[in-house]
Each structure stands twice: as C-alpha cells, then as structure tokens.
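Structure first, commentary second.
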Amino acid sequence: MPQSGAAAGAFSRWRAHLPQEMELAPVELPGRGTRAREPMPSRFDAVADALYEGLRPEFDLPYVLFGHSFGGMLAYEVARRVQRDGVRAPLAVFVSGTRAPHIPQRQFVADAEESVLLDWLSRSGGLPAELFQFPDFLQDILRVVRTDLRIAESYLVPEPVPLTVPLHGLAGADDVVTPPEAVPAWERCAAAGFTVTTVPGNHDFPQASAEATVAAVTSALAGVALTE
C-alpha cells in the first residue's frame, strides 16, 4: 500500500529484488493510475473499510501486509479488521515511514499554499524534479496528494488495538517526514513481536533504496513458511 498520492507503480522497483517465492501485489487506490476516474472516500475509515473488503478475497493464501507512510496506516487498519473478523491472518505486517496511530499529527501540509506543499514534497523525496516541467500533470498529482494527506492527517487512534501477528517497523535513516526515532512508537500496537529496521534514504526510501527495503522485509520473514 503506497504513500499519499502514489499509485501501484510506486513499488515497481521491488520486482528485481524479490525472492522467487514472493509475489508482489501492489494496491491501486481510487483517484489515481488505472482508477483515476473513481472518487477517493473523504474519511479514513471509509478508505480502510473499502480496502479491506477489496483485499479480503485475496487472503486465501499466505500473505504479508506492507504499507508505506499513508499506506502504513492503511496496512495496520486492514490487519485490525482481519483480526476483528477472524479472517485468515497475515504472516506479518510491515509499517514503513509512518507515525503510530496514537501519535497525533504534528505537521499539517494538506491545505498549505502550493509553494509550501511543493517544497515539502521536494524535500521529502516525494516529487521527482522532472514533474515541474509538466504543470498540468503536476496539478493532477497535487489534487490526489492533498486528498490523501487530508485523510492521513486526520488519522488518530488514542487506544490502538495490538496486533496478534508480528509487526515490523521500517524507517528511513534521513526521513524528514517520519524520523527514525518516531517508528518505535508502533510497539504499542504489537502483541506478537516487534522489530524496527533502519534503511538508507529519505521518506522515499522504499523506492530510492528498493533493494535494501526488500532485504529488510525478507530478513524479517526469515524462518517463516511463505508457501503452503
């Protein structure tokens, strides 16, 4: 599950590094990519509910949930719904570059002036410099980014439900959005083991450091039966 504004292609660099026994299944949220004409729900719970219902038929095989930034919040909420309903549980959940649900948002940029938002995206590695050459396309992207950020910035769960599957946090060593010291707070959401791994890079580390990110995931899954 990708970060705010991103489509399923955000994980395309992973394919060259995944072990043969793993299949990449990137999520395409509404309002982008192949679903560009579909409206994105405005409330976090509505997004999480729709995502859970959409993914639920896929849970008949061993699986892992991975989410980065906004996607990390969604991954946790999908896992929480799985746990609530007694659906087949994931082998593990990975939350990458994102604040824990009980930690209030401290940086609000969804409704900032365009120059402020662009600067924030540029500093965090969330916007390739070449996009500035295509102002119309850039405006389309910013609309999606703002929608996702509003939803993500509203997310707060004062008493999060601990997951009964292993929970793994990933942090970018130079992440200016979710610094490495913020990721250990996810331990409060873990009832079956918790780890934190730091990967080289800024907030875009799952793309910029794809090989290292995939290595961190596969290392955390060492010894786990991935097939039936």
Ignoring hydrogens, what is the shortest heavy-atom contact between Ser69 and His203? Give both atom names and the distance.
OG-NE2, 2.9 Å

Can a salt bridge be assigned to the pair Glu28 and Arg32 using a cut-off of 4.0 Å between side-chain N and carboxylate O?
no

More than 12 heavy atoms of other residues, nucleotides or ligands under 6.0 Å from CZ of Arg37: yes or no?
no

Counting only N and O atoms by type, is there a donor-acceptor contact under 3.5 Å from the side chain of Ser209 to the main-chain atoms of Pro206?
no

Heavy-atom pair of closest approach, residues Gly5 and Asp148:
N-OD2, 2.7 Å

Is there a continuous path of hydrophobic side-chain contacts, each under 4.5 Å between heavy atoms, that joins Val165 to Leu65?
yes

Is there a chain of hydrophobic side chains (I, L, V, M, F, W, Y, each step under 4.5 Å between heavy atoms) that links Tyr155 to Phe108?
no

Identify the heavy atoms of Thr178 and Gly97 that sit nearest to each other, and give their distance.
OG1-O, 3.1 Å

Quick one, Tyr63 and Val82 - any side-chain contact, counting heavy atoms below 4.5 Å?
yes

Is any side-chain heavy atom of Tyr76 closer than 4.5 Å to a side-chain heavy atom of Leu167?
no

Ignoring hydrogens, what is the shortest heavy-atom contact between Val177 and Ser124? Give both atom names and the distance.
CG2-CB, 3.5 Å

Nearest 0.5 Å please: distance from the OG1 atom of Thr147 over to the CG atom of Leu29.
11.5 Å

How many angstroms lie between atom OG1 of Thr195 and atom CG of Leu170, to the nearest 0.5 angstrom?
7.5 Å

Check for me whether the distance between the ring centres of His68 and Phe205 falls short of 6.0 Å.
yes

Surrounding CD of Glu23 (heavy atoms of other residues, nucleotides or ligands, distance under 6.0 Å), is the total greater than 12?
no

Report yes or no: do Phe70 and Met1 belong to one cluster of Ile/Leu/Val/Met/Phe/Trp/Tyr joined by side chain heavy-atom distances under 4.5 Å?
yes

Would you find more than 12 non-hydrogen atoms of other residues, nucleotides or ligands less than 6.0 Å from Glu187 atom CD?
no

Do the side chains of Arg80 and Val157 get nearer than 4.5 Å, heavy atoms only?
no

Could you give me the CA-CA distance, side-chain angles and deciding distance for Arg146 and Leu149, then say whether side chain to side chain contact (heavy atoms under 4.5 Å, CB included) is met?
CA-CA 5 Å; Arg146 287 188 188 276; Leu149 285 175; 5.7 Å; no

Any salt bridge linking Arg88 with Glu58? Criterion: basic side-chain nitrogen under 4.0 Å from a carboxylate oxygen.
no

Note: Gln3 and Ala10 closest approach over all heavy atoms is OE1-CB, 4.2 Å

Is Trp186 reachable from Phe44 through a run of hydrophobic residues whose side-chain heavy atoms are each under 4.5 Å from the next?
yes

Of Arg43, Arg56, Arg81, which meets salt bridge (charged side-chain N to carboxylate O under 4.0 Å, His left out) against Asp49?
Arg81

With hydrophobic residues grouped by side-chain heavy-atom distances under 4.5 Å, do Ile103 and Val196 end up in a single group?
no

Can you tell me if CZ on Arg13 sees more than 12 non-hydrogen neighbours from other groups inside 6.0 Å?
no

Counting only heavy atoms not in Gln139, do more than 12 sit closer than 6.0 Å to its CD atom?
yes

Any side-chain heavy atom of Leu121 sitting closer than 4.5 Å to one from Val109?
no

Can you see whether Thr197 engages His168 through a side-chain donor-acceptor pair at a distance of less than 3.5 angstrom?
no

For a 4.5 angstrom cut-off between non-hydrogen side-chain atoms, does Val27 reach Phe11?
no

Within-4.5 Å side-chain heavy-atom neighbours: Leu138 and Leu118:
yes

I need the minimum non-hydrogen distance between Glu153 and Gln105, along with the two atoms involved.
O-CB, 3.7 Å

Contact check, side chains of Pro90 and Phe59, non-hydrogen atoms, under 4.5 Å
no

Just so I know, are the side chains of Val214 and Met22 near enough to count as touching, which here means a heavy-atom distance under 4.5 Å?
no

